[in-house]
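Within every chain, numbering begins at 1; the chains are lettered A, B, ... in the order of the sequence lines, protein sequences first and strands thereafter.
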Number of protein chains: 2
Amino acid sequence: MTTLRDLARHLELSVTQVSRALNGHDDVSEATRLRVEEAARQLNYFPNRAARRLVSGRSGVVGFVEQSFAGIEREEILFATVTGLSEEFSSRGMQFVLHLAPKASGPERPDIVKTYDQLVRGGSLDGFVVTGPRPGDVRIRHLMENAIPFVVHGRTEEAAPHPFFDIDNHGLVLHLTRHLGALGHRRIGMVSGPQDFSYVGARQRGFEEGLAEFGAAAAPEQLRNGPMTEDFGMIAAVQMFSGPQPRPTAVICGNLRIAKGVYRALSALSLRIPEDVSVAAHDDVVAHERPELFFPALTVTRASLSESWGPLADILKEAIEGKDLKDLQKISPFSFLEGRSTGPARA
Amino acid sequence: MTTLRDLARHLELSVTQVSRALNGHDDVSEATRLRVEEAARQLNYFPNRAARRLVSGRSGVVGFVEQSFAGIEREEILFATVTGLSEEFSSRGMQFVLHLAPKASGPERPDIVKTYDQLVRGGSLDGFVVTGPRPGDVRIRHLMENAIPFVVHGRTEEAAPHPFFDIDNHGLVLHLTRHLGALGHRRIGMVSGPQDFSYVGARQRGFEEGLAEFGAAAAPEQLRNGPMTEDFGMIAAVQMFSGPQPRPTAVICGNLRIAKGVYRALSALSLRIPEDVSVAAHDDVVAHERPELFFPALTVTRASLSESWGPLADILKEAIEGKDLKDLQKISPFSFLEGRSTGPARA
DNA sequence: CCCGGCATCCGAAACGTTTCGGAAAACTTG
DNA sequence: CAAGTTTTCCGAAACGTTTCGGATGCCGGG
């Protein structure tokens, strides 16, 4: 294994100078820098990360911690996240570690914070990516208290400010609600994700805000929270449209899977889209679903999940480097695609 | 951050002794060992991996390298592997890194070996898990040439011997073939995985060996290789049973998905199982498929994929510690479950 | 010719751990 | 009680890198 000393001897330079040359410091002449780089390539030199870490305090490795659970290998979103982040960090010369803690059977993730500690205290990891934040998230609180660098995909409002990258959940539901409201809809339903995630709350606020602009309000039975699956979309729509209460004239769906279930339910209930019910959704461009392939083509807001990995990597890198917080909070915009699934409300 | 020196000062011991106490060496008295461990817990001490790596040459981190490709997040087996290994290594106090190299567009994985080099020369990784070996695999050759510790899930026969954990692919197909042969079948088809994987070759040899015992042989059109999907199973079965050539009276399927496709095809072709055609398969117990839930219940050999992660982790750990090769090659047994999908051959 | 400034360079210390060789203390044995 | 053995301990070096403070040589300006 070639070391810095080998290089230095070979070049008749000091170790110091070789190190500085390789790291692009400015007190090394252009000529020697080239000479050093050439020799490094020639001798097949790779810096020893452990040594570097030891002195500089950074290892260049970041991680993602998750508690394992049954069926985890079928979590497409989780793995889209892992693969996306892994690639992004690789291309930035960093390493990305997926750390799966063994399944636990306690109350609220008792040891996941211990895992963070262990990884960072051992000096193996520089920082973390956290996803699926909840209001008052233990993980975020713990990372902040211990000044461990991290970035959240999404955000929590309650806690003190932290680095994050998020899509404008509030704004996109507001947009969809306004769109439906302008078409004359007043009784609108929403089928969204699991109650305890922060983004679900944000969407709910956008929903209520939009309704309020038209003097409407959300009836509790028109607000359904559950897993983001086709099955849940179907169940929620059936309940919403076959119960005793007055039917909504439009539905907003949390993602395309839910929309698919809603389509199926409406079709089974002989309700036409958009004549009887307008349907709109948010599209996070995951998997193979496409709103154009719905029939009728689905009206959506769109913000691609796969475009978040780059920014997340950037933000975490900067957080580790100690940049200012205000550069580390980003909200990605969304686009709006009108399909044929939304139309004027029936009189 | 608590260091060994802090501990030593606090205990009025030397750093050496504290280190040895913590690492369970035998020249430290029981009393002080307990004292040290207690203090370590008290002061919240975690060993610094970088420092340890620097001196001992080991980092306790192992990895899995894969080149990214479109749709990778839907690869259930890949992620069953990653999650399984991650958990196993975690529980052994090691870390498991998934390293996804960016998609390449060259010929045969030109840079994947460079990735291995970089990771191991940088001293970040101690060893690798390799899956999906092919005959004459570049990765395996490279790892062996450079004396980098690794373990293969599966094996390549051609190359020099290397550590591996494999299921008895040859044996299980031999078993199924014998089972069918004993029932009087002579024209047997097989639908197996992609040609270029080593395990497919092993299965094929088991198949031919079994047939030979009954004086039979495999016709080329009765041997289908392709992706392990339900769709491919269906296609292969249709081709096999609707072509001009004499029909097989039995089919062996590479896994349950293929078997599912074969069931569908036979049903569509109005062929009864097992009266017209016997079907047997290998079950690697992945996802939610279960041979008992087939109708009629499927006859299978079974070797659970999820039981390989533990042995793989053990073997890699031992390979890194420099154990003898002969302890590092393991073949897992399989079981046999007779269902109702196999019966005597028609006269 | 001297001096300040600049461009390059270098020695040595430090990071936190393991390990080598040996030393002190405690027991055994005759 | 002396000599040997075992148990328990310790100092110092080493791993490969970065960085601090300073050194060297060279230039032009006065």
Open item on the list: For A/F150, give me all partners under ring-ring contact (aromatic ring centres under 6.0 Å, His included), at least two apart in sequence or on another chain.
Closed with: A/H162
Task: A/R5 side-chain N/O to D/dG16 phosphate OP1/OP2 under 4.0 Å - done: no
TODO: Output the single nucleotide from C/dT18, D/dC15, D/dT18 whose closest atom is nearest the side chain of A/N23.
DONE: D/dT18
Open item on the list: Short of 4.0 Å, heavy atom to strand atom, which residues of residues 11-18 of chain B count as contacting DNA chain D?
Closed with: B/L13, B/S14, B/T16, B/Q17
TODO: May I have the distance from B/L54 (atom CG) to D/dA13 (atom P), rounded to whole angstrom?
DONE: 17 Å
Task: Flag for B/S29-B/T32: side-chain donor and acceptor within less than 3.5 Å - done: yes
TODO: Would you please classify the geometry between the B/H153 ring and the B/F165 ring as parallel, tilted or perpendicular, with 30° and 60° separating the classes?
DONE: parallel
- [ ] Identify which nucleotide among C/dC9, C/dT19, D/dT18 has an atom closest to any side-chain atom of A/T32, counting heavy atoms from C-beta outward.
- [x] C/dC9
TODO: Can you tell me the distance, in whole Å, between the OH atom of B/Y45 and the C1' atom of C/dG16?
DONE: 7 Å
Open item on the list: Using the side-chain heavy atoms of B/R20, tell me which of these nucleotides is nearest: D/dT18, C/dT17, C/dC20.
Closed with: C/dC20
TODO: On the 0 to 90° scale, with breaks at 30° and 60°, tag the A/Y116-A/F128 ring pair as parallel, tilted or perpendicular.
DONE: perpendicular
Task: Euclidean distance, atom NE2 of residue A/H25 to atom P of C/dA7 [Å, nearest integer] - done: 17 Å
Open item on the list: If I take atom CZ in residue A/F46 and atom P in nucleotide D/dC15, what distance separates them, rounded to the nearest angstrom?
Closed with: 21 Å
